[in-house]
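The basis for the numbers below is simple: all heavy atoms, side chains too, and nothing from hydrogens, waters or symmetry mates.
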Amino acid sequence: MKTFNIGGVHPHDNKLNTEAPVKELPIPQQVCVMVSQHLGAPSQPIVKKGDKVKVGTVLTQNDAFLGAVVHSPVSGTVNKIADIPDASNYPKPAIFIDVEGDEWEESIDRSPDIKREIELDAPAIIQKVKEMGIVGMGGACFPTHVKLMPPKDAKAEFLLLNGVECEPYLTCDYRLMLDHAEEILIGASILMKALGVPQAIVGIEANKPKAIEHMSEVAKSFPGISVQALKMKYPQGAEKQLIKALTGRAVPSGKLPINVGCVVDNVATCYAVYQAVQKNMPLIQRTVTVTGPSIKEPTNFLARFGTPVSAFLEAVGGVPEDTGKVISGGPMMGKSIMSAEATSVKGMSGILVLPEKQAHRNNIYPCIRCGKCVDACPMGLEPYLIASATAAKDFDKTEKARVMDCIECGCCQFTCPSNRSLLDNVKLGKATVGKIIRARNAK
Amino acid sequence: MAENTKWVISGAPHVHGPESVTKIMWGVVIALIPSFLVSVYFFGMQALLLTVVTVLSCLVFEYLINRFFFKRPCSLGDGSAMITGLLLALNLPSGLPLWMAIVGSLVAIGIAKWAYGGLGQNPFNPALVGRVFLLISFPAAMTQWAAPKALFGDPTRWTDALSGASPLGFAKEALKNGVPADKISEMMPYSDLFFGNMAGSMGEISAIAILLGGIYMLCRKIITWHIPVTFLGSAFLFSGILWLCSPDKFMDPVFHLLTGGIMLGAVFMATDMVTSPMTAKGKIIFGLGCGILTVLIRTFGAYPEGVSFAILIMNAFVPLINRGSTPKRFATCK
């Protein structure tokens with residue numbers, strides 16, 4: 001079975017209650033929609049206090065190339081625009097909307113019929129994807145329309161669908177693949193048309209046999225789309241690792257997937273593209289896994305954006321008593337959040353509640369130079385070296401050790417027998433070296 | 001928000017793998033059990049006593065230096081001092097006076113380990129530094145090998161022919177006196193050498209016990225195959241070439257692998273994480289160097305045995321090897 005070539009770790013996958021159906025989370029009385037929910041230039045709100053909005057009303061504008069807009073996930077009245085801490089725990093501007101009923105923009109097709117015929121041509125698809133605020137839903141939130149516009153010197157050959165879900169605990173993509181396989185593959189066909197590529201491959205890890213079986217079955221009626229089972233290994237869902245696993249191609253340092261002819265999109269993104277292009281539905285909701293060892297009934301919820309974490313936790317029976325840490329995303333790359341007031345955004349795939357006894361890091365020992373971090377690094381870096389150079393503020397050395405290649409997957413820290421905070425230091429080094437490089441280029 | 005501030009905030013990853021320093025160290029201790037039992041089997045209570053004294057003194061020195069010199073929290077829990085003690089004991093002749101073993105422990109823990117800053121900082125393997133210090137300071141006591149007195153089997157062979165000499169020492173002396181190599185080999189059947197019925201340091205005598213421990217460590221992923229295989233392989237090849245060139249003057253390669261400290265060195269001493277290279281490529285270079293140096297010292301040097309020196313010399317090259325053997329970058333490897 002295929003997988004990527006170097007490094008990687010095998011965390012326990014902890015997929016809990018995977019066969020439970022997705023539940024629709026009731027719309028809360030007030031939502032706080034983060035103004036910027038994508039990677040790139042920040043957006044500006046175009047509504048003001050007192051404005052009436054419907055589901056699907058555009059709330060923000062963004063003229064930048066690397067930008068994405070946000071639509072109202074609810075109907076009601078704008079209460080205020082104020083800063084609240086998001087999953088990064090930094091206060092960011094959010095639009096507070098008092099919910100009144102559930103009135104949708106008329107342009108949105110809410111019928112349950114699956115629409116397979118793709119009417120739009122490539123430029124219109126790209127425009128629609130941009131208008132509907134579609135971003136990568138695996139967590140990075142890269143604006144999807146940008147991926148559909150390859151630079152002139154590059155040509156897309158493959159569309160790769162990421163159904164790997166290598167993060168432990170998370171099951172939202174798994175449920176989506178079981179429940180909406182056809183829509184996902186129509187979404188993939190739309191992206192293939194936009195890119196002009198003949199071939200798409202769906203990568204799914206072997207711990208999801210049902211999804212592999214179901215997606216393969218549905219894919220039979222989609223020419224050019226195939227499903228590839230992958231050997232379980234973290235971080236297979238990382239873009240470069242997935243490309244390597246599925247096509248054998250390696251994205252060179254500092255280059256993008258398109259430089260090796262690949263475009264990678266998450267299955268959830270494909271589903272969103274289907275809804276945007278075929279149903280005219282902007283990205284206003286997503287499936288969120290609410291899970292954890294102490295959660296009685298881990299569940300996937302279909303929830304509107306702007307729903308506070310507290311509402312999710314109430315829906316699974318409240319915050320467990322032994323809660324020590326709440327994470328937005330999975331345990332390998334997710335962010336621990338400090339407040340249940342943080343709200344769901346396009347990139348929030350899960351809410352993971354860890355009990356107190358799993359919330360703390362283990363005691364740190366001196367580095368014993370075992371080299372396990374080097375073996376585990378899927379990018380072939382030397383995490384111990386980057387971390388120690390950064391700790392010594394020797395950023396020249398950090399840069400020479402190719403810190404900018406780091407994908408921040410956390411394998412090094414996961415595997416370190418001395419429990420050293422390798423990734424903290426590597427991230428610091430990467431951020432600092434990034435600044436140094438930008439300053440140098442600006443000269 | 002106030003009621004939620006008790007949630008822990010920390011960077012990813014939020015889960016940790018099953019590995020820990022303590023588990024690795026205890027894994028090595030478990031892997032050493034067969035060699036230890038064999039040494040007690042062949043050398044009796046003396047071996048047990050020497051091991052206990054060496055381990056205890058290493059632990060005591062670790063504790064004292066840490067507590068009174070560095071004023072750091074107690075580091076006995078990581079198990080590294082215990083391993084240094086065990087490995088040092090297994091590198092000593094069983095009849096060594098106990099006070100010398102204590103001196104060796106002090107050198108190992110105090111000079112080879114803590115003078116550099118403790119666990120993870122030492123460039124040289126502490127147990128080997130302790131052993132080599134003793135070898136240079138007390139050459140007579142350190143080469144006074146007790147003959148193995150197996151509980152079963154024929155105990156007479158060694159006491160008659162080879163009393164007080166290790167196979168390597170005996171062979172070196174005999175070769176110098178013009179005895180042909182095959183005659184020397186005849187006196188020491190491979191089966192004895194393999195199972196440990198020979199004179200030598202406590203832990204080095206039984207190849208099979210060492211290999212058992214090595215396989216255990218391989219399965220537990222405490223060591224990788226690179227160093228033991230390249231160490232033994234290069235020693236085998238190099239001594240094999242010499243032997244083919246002149247079978248009278250040089251011992252055969254199997255003899256070289258089964259005698260002296262090469263098995264113990266290749267499996268337990270050279271694979272020490274702290275003092276060996278980080279990458280597979282580096283480990284291969286390191287192992288090759290150790291093997292060739294060992295045979296060089298054994299055949300052309302003044303000492304009959306060269307494993308300790310070979311490993312210590314290669315230890316000194318580790319920082320250089322690390323710089324020269326960076327791992328394959330993602331996009332550059334197939």
Please classify the contact between [X] and chain A as side chain, backbone, both or neither, with a heavy-atom cut-off of under 4.5 Å.
X	result
Ile9(B)	both
Thr22(B)	side chain
Lys23(B)	neither

Are any of the side-chain heavy atoms of [X] and [Y] separated by less than 4.5 Å?
X	Y	result
Lys372(A)	Met273(B)	yes
Glu382(A)	Pro327(B)	yes
Val8(B)	Ser336(A)	no

Can you tell me how far apart [atom1] ([X]) and [atom2] ([Y]) are? Round to the nearest 0.5 Å.
X	Y	atom1	atom2	value
Arg369(A)	Asn322(B)	CZ	CG	7.5 Å
Trp7(B)	Ser339(A)	CH2	OG	7.0 Å
Met25(B)	Ile368(A)	CE	CD1	5.0 Å
His360(A)	Ser10(B)	NE2	OG	9.0 Å
Ser75(B)	Tyr365(A)	OG	OH	10.0 Å

Residue selection (most heavy-atom pairs with chain B, distance under 4.5 Å) from [options]:
options	answer
Gly380(A), Cys377(A), Cys370(A), Cys367(A)	Gly380(A)
Leu385(A), Asp405(A), Asp375(A)	Leu385(A)
Asn363(A), Leu352(A), Ile337(A)	Ile337(A)
Ser253(A), Gly324(A), Gly329(A), Pro11(A)	Gly324(A)
Asn89(A), Ile327(A), Val374(A)	Ile327(A)
Pro168(A), Pro331(A), Pro252(A)	Pro331(A)

Legend entry - Proximity breakdown for Leu381(A) and chain B, heavy-atom pairs closer than 4.5 Å: both
Inset, instruction - Select one option (side chain, backbone, both, neither) describing which atoms of Ser418(A) are under 4.5 Å from chain B's heavy atoms. - result: both
Inset, instruction - Of all the heavy-atom pairs spanning Phe414(A) and Val15(B), show the shortest one and how long it is. - result: CD1-O, 3.5 Å
Legend entry - Between Gln121(B), Lys221(B), Arg323(B), the one whose heavy-atom pairs under 4.5 Å with chain A are most numerous: Arg323(B)
Inset, instruction - Indicate yes or no: does Lys6(B) engage Glu356(A) in a salt bridge with an N to O separation below 4.0 Å. - result: no
